[in-house]
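Source: prediction; values computed, not measured.
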Amino acid sequence: MRRLWPLTVRGTGALILAITCFVMANEFGISELMYFGILLLAVLGASVASLYLTRRTDVVTRSFTPDVATVGRSSIVAVRVGVRTAVPTPPGTWHDALPKGLRGRSEGVFPALGSGLRGGERVVDLSYTVTGVRRGIHSIGPLSVRSTDPFGLARRRTLFGERTPVTVAPALVDLPPLTDFAGETGGTLHTTTNQLGQGADNLVARPYLPGDSMRRIHWRATAHRDELMVRQEEQESTPEASVVLDRGVLRWAAEAMQAPGADPGFEAAVSACVSAVARLVHDGYAVEVLDSDGTILAERIDGGDMVEVEALLSHFAKLTARRDDSLARLTRLFAGVMTGPVILIVGRFDPSDAEAIAPVAHHSTLPMVLAVGPVGDALDRAADHGWRVAAIDPDGDLAVAWGNAVGRGVSHVNV
């Protein structure tokens, strides 16, 4: 508890008046002033005692809606304070300390409480709204309550030391869907073959799904079923996608390896990563999240499983850069296979990097490079090799960059 002068302005004035009464009573021999000074001191003592000598127990718990805060989005913090006091207390003020990772107005009026001599613990519910500003694990608290006695003469500041950790996940941006490119990327809007060697061996009719080509309508089955049916001419398979986040610290500021939220460029990349995963999973892809050296950053997330996307956000709240630089190894991860979209998110990206990853573009139905720090004509060279490319501005609109990447260039696929 931080020690403050225990008297308010009114109480300080009363103390000065009491001392003055003692001095004047001594100088002029007026006993009434002595009695009045003693009365003032007694009232001041009772006021201080009502705040400091009364036994009270306080318990603070906090809950969050949603459970995980997100950079750039609002969350509601509900604070429950359990108080037991022997004497009535007037209204006061409260303030909940916020870390640098959160921003909001966490203060208000603490309500008056009646005597607890005949009752149990009283519960005071407080709430406020915060916005995530920095990714990471942060702690809210302690809660500070300032109260005064019923006469407004004394004051007390009480700190409730309980702190509550809160996870601030990276910003999740709603990216444009890939539906306009379904025939090329292998999304759920059509049936596709994602691995080499699979053939068209299943000639059955199935119900029409949005995005199916009208040329594949099975008219005889449609007439028989009285609903649109299409020819299933290819082997059904779950469309797959890979999102690669290059965490090599040489491509970011040194702060990216020290703590989450320290490097704006790396934060933009992490946001792009989780946003791309959310977009692809929403579109029905089974998504694997990798580092450029092949390290699995998140287990495979099945198409449509947005609960796992939420878990990914929490997991990425603590993600930092690493020491090694291994972007050139990316070609080994996709050598000899054919896959769906490959989304590469990288920091510094120079022409030599574009040449190093060129072969990957020929093993993906939608190869995409999102670079935070492109150097020279690196992105143009990557586009010449079949990548769809865009630069990410930490202060810019990620959705626009994503749309530019999807719509730029033509992917070349060798089967």
Side-chain angles (χ1 to χ4, degrees), residues 70-71 101 134-137 167-173 175 241-281 287-301 308-309 311-334 339 341-350 352-357 360 364 367-375 378-379 382 387 389-394 396 398 401-402 405:
T70 304
V71 172
R134 180 168 177 172
R135 184 174 59 91
I137 308 297
T167 299
V168 180
L172 183 63
V173 180
L175 302 178
S242 300
V243 178
V244 181
L245 175 61
D246 184 4
R247 297 188 299 140
V249 71
L250 295 180
R251 302 185 180 277
W252 312 99
E255 292 79 7
M257 195 171 63
Q258 298 172 2
D263 175 22
F266 190 72
E267 294 309 297
V270 174
S271 175
C273 180
V274 296
S275 300
V277 171
R279 178 73 268 168
L280 292 166
V281 170
V287 181
E288 191 175 38
V289 187
L290 311 167
D291 200 337
S292 57
D293 63 353
T295 301
I296 303 295
L297 299 181
E299 295 297 331
R300 170 185 164 120
I301 303 176
E308 285 300 318
V309 174
L312 176 70
L313 289 175
S314 299
H315 176 63
F316 271 34
K318 300 178 289 185
L319 194 69
T320 57
R322 54 173 175 76
R323 294 185 181 278
D324 297 335
D325 183 16
S326 53
L327 184 60
R329 303 180 196 172
L330 191 64
T331 56
R332 304 177 188 175
L333 302 180
F334 299 97
T339 187
V342 174
I343 314 299
L344 171 61
I345 302 164
V346 65
R348 180 183 56 80
F349 186 71
D350 56 38
S352 63
D353 296 322
E355 299 298 330
I357 65 171
V360 179
S364 168
M368 184 187 301
V369 174
L370 300 176
V372 177
V375 178
L379 290 182
W387 290 89
V389 299
I392 302 177
D393 183 353
L398 177 61
W402 173 271

With sequence neighbours excluded, what pairs up with W402 under the ring-ring contact (aromatic ring centres under 6.0 Å, His included) test?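 Residues passing ring-ring contact (aromatic ring centres under 6.0 Å, His included) with W402: none at all.
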
Do L245 and C273 come close enough that some side-chain heavy atom pair is under 4.5 Å?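 Yes, at least one pair of side-chain atoms sits under 4.5 Å.
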
Can you tell me how far apart [atom1] ([X]) and [atom2] ([Y]) are? Round to the nearest 0.5 Å.
{"X": "I345", "Y": "I392", "atom1": "CD1", "atom2": "CD1", "answer": "6.0 Å"}
{"X": "F334", "Y": "L290", "atom1": "CZ", "atom2": "CG", "answer": "6.0 Å"}
{"X": "E288", "Y": "E299", "atom1": "CD", "atom2": "CD", "answer": "8.0 Å"}
{"X": "L333", "Y": "T339", "atom1": "CG", "atom2": "OG1", "answer": "11.5 Å"}
{"X": "S292", "Y": "R332", "atom1": "OG", "atom2": "CZ", "answer": "11.5 Å"}

Please determine whether salt bridge (Lys or Arg N to Asp or Glu O under 4.0 Å) holds for the pair D293 and R247, giving the CA-CA distance in whole Å, both sets of side-chain angles, and the decisive distance to 0.1 Å. CA-CA 9 Å; D293 63 353; R247 297 188 299 140; over 6 Å; no

Non-hydrogen atoms of [X] and [Y] that approach each other most closely:
{"X": "L250", "Y": "R348", "result": "O-NE, 3.6 Å"}
{"X": "V342", "Y": "S364", "result": "N-OG, 3.3 Å"}
{"X": "V173", "Y": "S275", "result": "N-OG, 2.8 Å"}
{"X": "L327", "Y": "D246", "result": "CB-OD2, 3.7 Å"}
{"X": "A171", "Y": "S271", "result": "O-OG, 2.7 Å"}
{"X": "T167", "Y": "A317", "result": "CG2-CB, 3.5 Å"}

Partners meeting side chain to side chain contact (heavy atoms under 4.5 Å, CB included) with S314 (sequence neighbours left out):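 Expected list: V68.
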
Decide side chain to side chain contact (heavy atoms under 4.5 Å, CB included) for V71 and V168; before the verdict, give the C-alpha distance in whole Å, the side-chain angles of both, and the deciding distance to 0.1 Å. CA-CA 6 Å; V71 172; V168 180; 3.8 Å; yes

V372 vs W252, side chain to side chain contact (heavy atoms under 4.5 Å, CB included): CA-CA, chis, key distance, verdict: CA-CA 9 Å; V372 177; W252 312 99; 3.8 Å; yes

Verdict with supporting geometry, V289 and I296, side chain to side chain contact (heavy atoms under 4.5 Å, CB included): CA-CA 6 Å; V289 187; I296 303 295; over 6 Å; no

Applying side chain to side chain contact (heavy atoms under 4.5 Å, CB included) to V346 and R251, what does each step give before you reach the verdict? CA-CA 7 Å; V346 65; R251 302 185 180 277; 3.6 Å; yes

Considering only distance and modelled atom types, tabulate donor-acceptor pairs under 3.5 Å from the side chains of residues 253-265, sequence neighbours left out.
residue, atom, partner, partner atom, Å
D263, OD1, G265, N, 3.2
D263, OD2, A253, N, 3.3
D263, OD2, F266, N, 3.3

Side chains of D350 and S352: is there a donor and an acceptor less than 3.5 Å apart?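 Side chains of D350 and S352: pair found under 3.5 Å.
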
Going by the side-chain contact (heavy atoms from CB on, under 4.5 Å) test, name the single residue among V360, L344, I357 that passes it with V244.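 Among the candidates, only L344 passes.
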
